[in-house]
Structure formats: C-alpha cells, structure tokens
J.: 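Let me begin by handing over the structure; questions about it come next.
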2 protein chains.
Amino acid sequence: MPNPRKPAPAGAEHAPLELEHFLPYKLSILSNTVSQAIADDYQQRYDLSVTEWRVMAVLARFHGLSAREVAERTAMDKVAVSRALARLVEAGRVHRETHGGDKRRSVLSLTEAGWLIHDDVAPMARAREREVLAKLDAEEQQWLTRILDKLLAH
Amino acid sequence: MPNPRKPAPAGAEHAPLELEHFLPYKLSILSNTVSQAIADDYQQRYDLSVTEWRVMAVLARFHGLSAREVAERTAMDKVAVSRALARLVEAGRVHRETHGGDKRRSVLSLTEAGWLIHDDVAPMARAREREVLAKLDAEEQQWLTRILDKLLAH
DNA sequence: ATGTTATAGTTACAAATGAAACTAATTGCA
DNA sequence: TGCAATTAGTTTCATTTGTAACTATAACAT
C-alpha cells in the first residue's frame, strides 16, 4: 500500500489551475492592491481602518442612516459596522442619536471632525482611482465600467 | 465654540464618494463575491481554507517549490504560507523535505491525498469562473482579460 | 577563519474578524 | 391584551491575521 504522505508524481492528467490566468485570482490581486494603496493614504495619518473609512464614506453620502442601513450600503456585516461605529463615535467622528419613533434604531451622521477627515481622504481616494484608470485608454475605461456593472448586476 | 461631537450639516461642498460608482469598491465587492462562491465549494467539504487551497494550487502547477517561492506565486506573505503549510503537512496533503544543498529551504509537493483533493476542487473552481464569464458576451470577455492584464502588469 | 549580513522559515503576541448568543425594543397576530 | 416572532444592535468567545522578533543556515567580505 502506498504511503499517502509521500510526494506523488504529477501526471499530465491533473490539469492544475494556472493562477495567473484565472479570473478570480486576478480580481483578488488587483482589488487588494488598489484597496491597500488607498488605505495607506489614511491609515496611519488618521488611525482609521478600512472598515471605518467605508462607514464614514456612506455617512457622508447618505444622511441619518441607521447602523443596519450602513451595513447594507457597505456590504459589511452588522457586527463589523457596530464595532466601527463604536470607535468612530468614541473618537468624535460620528454622532449617534436614537430614532424618535423606534428606540432600537440609531440615527447617524458625521461630526465636524468627521467631515474634516472625509474632506481630506475622499480626494485622495479619487486620486488613487484615477491612477488606476490612467493605465487604460478611454475605450478600455468604458468597457471596464460596463463589464463590472454587468458582473455586479443582481 | 461649536461642539465637535454634534452632527454637522452636510453642505454641497463635501463631494462624498459614490461608492456604487467607485472602481476600488466595485472591484472589492466582485472579488469577494467570486472568491467566496469558490470557497463555499470546498471549505466545509475538505476543511480547507482559501489560503491552503491557493498553496495547493501552486504546488499542483509547479513542482518542488520552496515556501518562499509559494509565497511569491500566491502573493501571500511568508507567515501565512508557513501556517498553511503546517496544516497541509499535518493533514498529509503536502509532502515537505529539505533541500539537499541548503538546509533552510523546503522542497514541497502534493501527496496522493493532496492530488485527490486538487483534482476534485480545481474543476469546481473552473466551473465558477465559467459562471462569472457566462454573464458576458465574447467581446466583453476579451476586453476583460485584456484590461485586467494591463492593470496587473508590473 | 571569523565576523557581518542576508535568507528561509517559525514562533509569539496583539489586533482584526466571524459566528453565535444575548439584550432590548417592536411588530404581528390569535 | 398578551405572547411569539422579528428586528436593531452589542457582547462574548474562538479563530484568523498581521507584525515583529526569533532560530537556523548560508553567503559575503575582510
């Protein structure tokens, strides 16, 4: 009986994945690279995690959201949002009050301090996005938008 | 003096990001969705993490790699690779010996048991990739490949 | 040769994350 | 009404991950 811990020869029949041509792998590398470049701009400077920044970004765009609505908009789970909000409120970057008619719900907004951070970070994020897109010509940029939107639809 | 913890009005001058049109955000959502779909196929079935699967995939493709080379090929850091390998060797899925001429280096390969898992999981991963690509027509598929390769170059 | 520097990999500890249980408030409905 | 089910959010605990320090070996330079 062959020892299953021994190295096994790799016959041609195995058909291994070629990661460098495998779409999910390429997406993962690209996404991590781009997200990390943006995070590097604000993490040390503001002691702000990626999660926290995403929460701030949606609160800048939509006013008076509840924590659950933030979770929906950011595609994060509610525990992650709860923790990010705890830190943001503690740091005085987000204001939280309870909904008039429903004491379970929070009503969230950026504070003055939160807006200051937002107004510094948002342009940096946009600049990084432009850096990525600058590698493509106009036609490729249009296709990329179209393709991503199609893949993300539904 | 205004209380910085109070909610601040959101004037038009703030220019918040529109996450749903922000490339890094869309990439992140798409990448996580696709990777998770693949992971769901094997995680419970084989008690295999994403990290471990990536290590197995490169060992299927390239034979006799060292841990450092695995880290390079997977774009993972060496600690993550070390931990994944510890589990894979313990589970009898990867064989490890030391390099003849350099006792620091390991020489890695899949075992028979490792190949069995690989030969089951790799086709599932390819099927998921096809599911994603099936949302696009042939022209879009070609542009996507071209665009991703351009963005990932260097 | 011998001390310095670099490389391969592991270990240790802290921080981040995820799943499940929990509290509190609200809704639905018999 | 009153009791079960649902919803919002938090807490707890176990696992994962990331950073830095560490061990061992090898390469390099005098």
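Keep in mind that the numbers below use all heavy atoms, side chains included, and drop hydrogens, waters and symmetry copies. Letters go in sequence order (proteins before strands), and every chain restarts at 1. Owing to the predicted nature of the structure, the values given are computational and were not obtained by experimental measurement.
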J.: Is a donor on one side and an acceptor on the other found under 3.5 Å between the side chain of B/Gln44 and the backbone of B/Asp40?
T.: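 Yes; at least one donor-acceptor contact below 3.5 Å.
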J.: Within this structure, what is the CG-OG1 distance for the pair B/Leu65 and B/Thr74, rounded to the nearest 0.5 Å?
T.: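 With rounding to 0.5 Å, CG (B/Leu65) is 10.0 Å from OG1 (B/Thr74).
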J.: Whole-Å distance between C/dA15 P and A/Asp47 CG?
T.: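 It works out to 11 Å between those atoms.
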J.: What parts of residues 26-36 of chain B reach DNA chain C, counting only heavy atoms under 4.0 Å away?
T.: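 By residue number: none to list.
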J.: Mind checking whether A/Leu116 and A/Leu59 sit in one hydrophobic cluster, side chains of I, L, V, M, F, W, Y counted as touching below 4.5 Å?
T.: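 A/Leu116 does not cluster with A/Leu59.
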J.: Rounded off to whole Å, could you give me the CZ-to-P distance for the A/Arg87 and C/dT17 pair?
T.: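 Going from A/Arg87 (CZ) to C/dT17 (P), I get 11 Å.
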J.: Run through B/Leu88, B/Val70, B/Val81 and flag the one making a side chain to side chain contact (heavy atoms under 4.5 Å, CB included) with B/Leu108.
T.: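 Only one option passes, and that is B/Val70.
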J.: B/Gln43 has an atom CD; how far is it from atom P of D/dT15, in whole Å?
T.: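 Rounding to the nearest Å, CD of B/Gln43 and P of D/dT15 are 15 Å apart.
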J.: Just checking A/Ser49: base, sugar-phosphate only, or nothing, at a heavy-atom cut-off of under 4.0 Å?
T.: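 Result for A/Ser49 = nothing.
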J.: Please step through salt bridge (charged side-chain N to carboxylate O under 4.0 Å, His left out) for the pair B/Asp47 and B/Arg93, ending with a clear verdict.
T.: CA-CA 12 Å; B/Asp47 185 26; B/Arg93 293 164 173 183; over 6 Å; no
J.: Would you kindly give the CG-to-C1' distance between A/Leu65 and D/dA8, to the nearest whole Å?
T.: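 A/Leu65 atom CG is separated from D/dA8 atom C1' by 14 Å.
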J.: Under a 4.0 Å heavy-atom cut-off, which of residues 100-108 of chain B touch DNA chain D?
T.: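 Hits under 4.0 Å, by residue number: B/Gly101, B/Asp102, B/Lys103, B/Arg104.
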J.: Passes salt bridge (charged side-chain N to carboxylate O under 4.0 Å, His left out), A/Glu129 versus A/Arg126? Steps please.
T.: CA-CA 5 Å; A/Glu129 180 190 39; A/Arg126 267 192 273 264; over 6 Å; no
J.: Check the surroundings of atom NZ in B/Lys150: do more than 12 heavy atoms from other residues, nucleotides or ligands lie under 6.0 Å from it?
T.: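 Correct, the count exceeds 12.
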J.: Kindly determine whether A/Arg73 and A/Glu69 satisfy salt bridge (charged side-chain N to carboxylate O under 4.0 Å, His left out), including the steps that lead there.
T.: CA-CA 6 Å; A/Arg73 297 262 178 202; A/Glu69 290 167 325; over 6 Å; no
J.: State, without any angle test, whether B/Ser28 and A/Arg54 hold a side-chain donor-acceptor pair at a distance under 3.5 Å.
T.: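 The criterion, which ignores hydrogens and geometry beyond distance, is satisfied for A/Arg54 and B/Ser28.
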J.: Tabulate atom names and distances for all N/O pairs under 3.5 angstrom spanning the protein and nucleotides 18-22 of chain C.
T.:
unit_1, atom_1, unit_2, atom_2, d
C/dG18, N7, A/Arg83, NH2, 2.6
C/dG18, O6, A/Arg83, NH1, 2.9
C/dG18, O6, A/Arg83, NH2, 3.4

J.: Between atom CG in A/Leu85 and atom C1' in D/dA8, what is the gap in whole Å?
T.: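 Atom-to-atom, A/Leu85 to D/dA8, this comes out as 12 Å.
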J.: Check this one for me: any side-chain N or O of A/Arg96 less than 4.0 Å away from OP1 or OP2 of D/dT10?
T.: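 For A/Arg96, the contact criterion (side-chain N or O under 4.0 Å from OP1 or OP2 of D/dT10) is met.
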J.: A/His99 NE2 to C/dA24 C1': how many Å, rounded?
T.: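 Rounded to whole Å, this separation is 16 Å.
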J.: Provide, to the nearest angstrom, the distance between the CG atom belonging to B/Leu88 and the P atom belonging to C/dT10.
T.: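 My rounded result for the distance is 12 Å.
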J.: Among B/Leu48, B/Val50, B/Val55, find the one that has a side chain to side chain contact (heavy atoms under 4.5 Å, CB included) with B/Glu52.
T.: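 The residue from B/Leu48, B/Val50, B/Val55 that satisfies side chain to side chain contact (heavy atoms under 4.5 Å, CB included) with B/Glu52 turns out to be B/Leu48.
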J.: Separation of A/Asp40 atom CG from D/dT19 atom P, in whole Å?
T.: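 Whole-Å distance recorded here is 10 Å.
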J.: Counting only side-chain N and O atoms of A/Ser82, is one of them less than 4.0 Å from OP1 or OP2 of D/dT10?
T.: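 The answer is yes; a side-chain N or O of A/Ser82 sits under 4.0 Å from OP1 or OP2.
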J.: Considering non-hydrogen atoms only, spot the tightest contact between B/Ala37 and B/Arg128 and give its length.
T.: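 Where B/Ala37 meets B/Arg128 most closely, the heavy atoms are O-NE, 3.7 Å.
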J.: Just by modelled atom types, is the B/Arg105 backbone N or O under 3.5 Å from a matching donor or acceptor in the B/Ser66 side chain?
T.: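 Checking the backbone N and O of B/Arg105 against the side chain of B/Ser66, no donor-acceptor pair under 3.5 Å is found.
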J.: When you get a sec, tell me which of D/dT17, D/dG9, C/dG9 is the closest nucleotide to the side chain of B/Thr51?
T.: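 It is D/dT17.
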